[in-house]
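To find a chain, count down the sequence lines: A is the first, B the second, and so on, and within it residues start at 1. All figures in this text were calculated on a predicted structure; none of them were measured in a lab.
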Amino acid sequence: MADITITLPDQSKREVPEGTTIGALAASIGRGLAKAAVIGNVNGTERDLNWVLDDGDVVEIVTSNSERGLYTIRHSTTHVMAQAVLELFPGSTFAIGPPVEDGFYYDFELPVGSDGKPGTFVPEDLERIETRMREIMAETQPFVRDELNEQEARKVFAGHRFKLEIIDGEADDPTSATEPGVVRTYENPPSQPWQTPCFDGYPGFIDLCRGPHVPTTKDFLGHFKLMRATGAYWRGDEKNPMLQRIYGTAWASKADLEAHLHRLEEAAKRDHRRLAVDLDLLSFPDELGGGLAVWHPKGALVRKLMEDYSRQRHHEGGYEFVYTPNIANGKLFEASGHLGFYADGMYPPMEMDNGVYYPKPMNCPGHNLIFGARQRSYRELPLRLFELGTVYRYERSGTLHGLMRIRGFTQDDSHIYCTPEQAHDEIRGLLNFVLSVLRAFGFTDFEANLSTRPAKAETVGTDEGWAQATDNLRSALEAEELAYEVDEGGGAFYGPKIDVKVRDAIGRSWQLSTIQYDFNMATRMGLEYIGEDGARHTPIMLHRALFGSVERFFGVLLEHYAGAFPTWLAPTQVRVLPVRDDHDPYAYEVADELRALGLRADVIEASEKLGNRIRKAKGEKIPYVLVVGDDDVAARTVGVNPRGGEVDRGVPLDTFAQRVVDEVDDQLHAAR
RNA sequence: GCCUCCUUAGCUCAGUCGGCAGAGCGCUUCCAUGGUAAGGAAGAGGUCGUGGGUUCGAUUCCCACAGGAGGCUCCA
């Protein structure tokens, strides 16, 4: 048999017999590689291991510890789940089931029950499904690739209306092929035919799929867990039927699965809603209504520190401070376009006097009134108006989430009016400013979304206007070398935008800052300035929120630091503990001296044992616990027990105080 | 809003197969004055989310509603 030549990723060539599969190629390279091989990448296309190679192919072996290998494991696992569900719930059908971050899901529709509605999963169902999945895996069913023509495929999937929509091209499925005329499928032949087969001509499970997959249900699968069943609309549209989605997680090894479950536990521990209660920062009383928070003294103190810092930076950054009221006449929101494009997000109107008033959902209309209050010259531009403006937005009850998604919140909101020529540099400066302030709060890892024209803005502005604004944002991102992804159609109704996301201490991504380009609202509201040429011009308007919302930013900070705020933000920075009650006077003296330096210090008297008072202070995540006893009274020293550090006794009080003052100063200036 | 699950003391949670409501932490008082992560004792604290229904009797079973969690969608 003639040999063929294969090129490997390191450009080395390899001679193998004609008819060699990817799996055999891997085996010829090494036993370890053969064992780890999940799929192969042939000339840029991912293929099953039993794919037969051709002369001249460029082949990469994809292993289970690679991102694509893991993707394939999750993809194959979701097929096994679909098989288990279709078999265990006769009459059910399925929609799409792609791998997602950390796992996979599949959407199902269960048969109509006695109440006339499609059935739903209960938690015990997940256990049954999981058990059946493990049986299917033990059966070592091969994943059999095939291609059908459309007529055949329609017959096979006749009982599965969602699959027919995908075949017809009406619905997208990220894991199936979309070539017209050819329908790719993967079959898992069962060891025994199903009692109620639901695919014409097949004894068991088959799905629309472009693959590739692991060789059999036994290979690489098994390190998975079904997490939860939820509702999800078909094609994401609430006008469509609600399907039952099962989420699962799957990994290449048991250790990886356990590590993932452990990460979830760690994330739950730093949930801001839990920490907010534990640390007595804020609460969401039922009496107040959904999505509304009250700030307790400690939370309010941290918030005030954040806001003070923000004000200081904005002052230095050339912003002018303004205030606008919380409600406004509906005519204002008609002029701004909010009632036309954003009414769903607004609280209902209050009727009074000669008209209707709305709680403001955004600060821009108010700021525009300030710009328009008198004639403006180009010499004033860019004009940067800043307000910590509280807005109210009607969010549907199911979407509320602690501080992250809330109905009343405060934006550190700025509107910048500039000439078209200034826009590019101004956006760049804004991005730079935003990142600098975010760094001061301890974030170092940033990425961005560039969101383009949404469908709802079809009638707003011109194609050229949107394109130019989007290019302007794009070039600012590139100039600042900020990695970004394009979110097609994700823009606001008045223009495209950049959203800045940060990664927190455990790698989660949060959307915070937003910079929005608006070439529309100024026109709508008749804003003008007199240019150098003496003529009237419409300014470009930029919307910018840095924290995004003070509440969400606070929540993200709380989770980022797991409640252990850096010293400059900690509600209590130093706690002084007298060893015995005759040390109380000295303890108060220490606290007073620290307070005189602007530090936040308190004293807990010796009414409990020292060890317990230390334990409580640690639970409050206070940066410094000072213990003072006989030696300290005599020598004017303190015993320093820092958060996450070693105890240091006999430190002169002045030395300690200066150390903390310097630390706070460093934290505030390190990022500039 | 829709789907699934949940709701017992301030917090974390037991429990009652329908028969007087439990623990730990926290809180109050007393004792104890202890050099680096829980000293002791006593006490207060709950219409078992709300409203209906079934029942001799409902915190427990059924229904509705409210609130919460996780999703869908949306978003700062």
ask   = Heavy atom of residues 577-588 of chain A under 4.0 Å from RNA chain B: which residues?
value = A/Val579, A/Arg580, A/Asp581

task = Indicate whether the side chain of A/Tyr247 and that of A/Arg245 have a donor and an acceptor atom separated by less than 3.5 Å.
result = yes

query = When you compare B/U7 with B/U50, how far apart are their C1' atoms, in angstrom units rounded to a whole number?
reply = 11 Å

ask   = Whole-Å distance between B/A37 P and A/Ile604 CD1?
value = 17 Å

request  = Give a yes/no verdict on a cation-pi contact between A/Arg128 and A/Phe89, requiring under 6.0 Å between NZ or CZ and the six-membered ring centre and an angle within 45° of the axis.
outcome  = yes

ask   = To the nearest angstrom, how far is A/Arg575 atom CZ from B/A37 atom C1'?
value = 14 Å

key: Inter-nucleotide P distance (B/G18, B/A23), Å rounded   = 24 Å

ask   = Which one, B/A37, B/G35, B/U4, comes nearest to the side chain of A/Ile614?
value = B/A37

message = For a quick test of reading the model, state the closest non-hydrogen atom pair linking A/Pro99 to A/His75 and the distance between them.
response = CG-CB, 3.6 Å

inquiry  = Please tell me whether A/Phe433 and A/Tyr319 form a close aromatic pair, meaning their ring centres lie under 6.0 Å apart.
reply    = yes

message = What contact category does A/Asp631 fall into here, base, sugar-phosphate, or nothing, at under 4.0 angstrom with non-hydrogen atoms?
response = base

inquiry  = Between A/Glu238 and A/Arg396, does any side-chain N to carboxylate O distance fall below 4.0 Å?
reply    = yes

Nearest-Å distance for atom pair NZ/C1', residues A/Lys616 and B/U36 = 16 Å

key: salt bridge (charged side-chain N to carboxylate O under 4.0 Å, His left out) partner of A/Asp602, chosen from A/Arg575, A/Arg613, A/Lys298, A/Lys616   = A/Arg575

Separation of atom CD in A/Glu620 from atom C1' in B/G26, rounded to whole Å = 12 Å

remark   = A correct 5'-to-3' footprint of nucleotides 70-76 of chain B, with B, S and - meaning base, sugar-phosphate only and no protein heavy atom under 4.0 Å, is BBBBBBB

inquiry  = Which residue is it: A/Trp234, A/Phe108, A/Phe162, A/Tyr106? I am looking for the one with a ring pair (Phe, Tyr, Trp, His ring centres under 6.0 Å) to A/Phe94.
reply    = A/Tyr106

message = Determine whether a donor-acceptor pair (N or O, by modelled atom type, separation under 3.5 Å) exists between the side chain of A/Arg552 and the backbone of A/Met404.
response = yes

Same-atom distance (P) from B/G39 to B/G24, integer angstrom = 15 Å

task = Heavy atoms only: give me the nearest A/Ser451-A/Gly491 pair and the separation to one decimal.
result = CB-N, 3.5 Å

ask   = On a whole-Å scale, what distance lies between the P atoms belonging to B/C17 and B/U73?
value = 43 Å

key: Residues A/Arg615, A/Glu608: salt bridge by 4.0 Å N-O rule   = no

ask   = Do A/Lys497's NZ or CZ and the ring of A/Tyr517 fall within the cation-pi criteria of under 6.0 Å and 45°?
value = no

key: A/Ile416 side chain reached by A/Met541 side chain, heavy atoms, under 4.5 Å   = no

key: Ring center gap for A/Phe321 and A/His314 short of 6.0 angstrom   = no

ask   = At their closest point, which heavy atom of A/Asn363 faces which heavy atom of A/His415, and how far apart are they?
value = C-CE1, 3.9 Å

query = Where does RNA chain B pair, written as one dot-bracket string 5' to 3', with Watson-Crick or G-U pairs under 3.5 Å, ( ) inside the strand, [ ] for crossing pairs and | for another strand?
reply = (((((((..((((.....[..)))).(((((.......))))).....(((((..]....))))))))))))....

ask   = Reckon A/Asn612 has a side-chain N or O less than 4.0 Å from the OP1 or OP2 of B/G39?
value = yes

key: P gap between B/G22 and B/A44, integer Å   = 14 Å

Show each protein N/O and nucleotides 41-46 of chain B N/O combination with a separation under 3.5 Å, one pair to a line.
none

request  = Figure out the CE/P separation between A/Met227 and B/C5, and round it to whole Å.
outcome  = 17 Å

message = Using a heavy-atom cut-off of 4.0 Å across all strands, would you classify A/Phe121 as base, sugar-phosphate, or nothing?
response = sugar-phosphate

Qualifying residues under salt bridge (Lys or Arg N to Asp or Glu O under 4.0 Å), relative to A/Arg132, sequence neighbours excluded = A/Glu87, A/Glu135, A/Glu139

key: B/G71 and B/A9, which share atom name C1', separated by this distance in whole Å   = 32 Å

key: C1' atoms of B/C48 and B/G19, separation to the nearest Å   = 16 Å

ask   = On a whole-Å scale, what distance lies between the P atoms belonging to B/C2 and B/C65?
value = 9 Å

request  = Please evaluate the base of B/G35 for a donor-acceptor partner in the side chain of A/Asp632 within a cut-off of under 3.5 Å?
outcome  = yes

Tabulate protein N/O versus nucleotide N/O from nucleotides 9-12 of chain B, keeping only pairs under 3.5 Å, one per line.
none

ask   = Does A/Tyr624 have its ring centroid less than 6.0 Å away from the ring centroid of A/Phe656?
value = yes

key: Ring-face cation contact, A/Trp295 with A/Arg303, 6.0 Å cut, 45° max   = yes

key: Atom-pair distance (CD on A/Gln244; C1' on B/C3), nearest Å   = 6 Å

key: Whole-Å distance separating the CG atom of A/Asp630 from the P atom of B/U36   = 13 Å

inquiry  = Rounded to whole Å, please give me the gap between CD in A/Glu109 and P in B/C3.
reply    = 14 Å

A/Thr452 and A/Glu488 side chains, donor-acceptor separation under 3.5 Å = yes

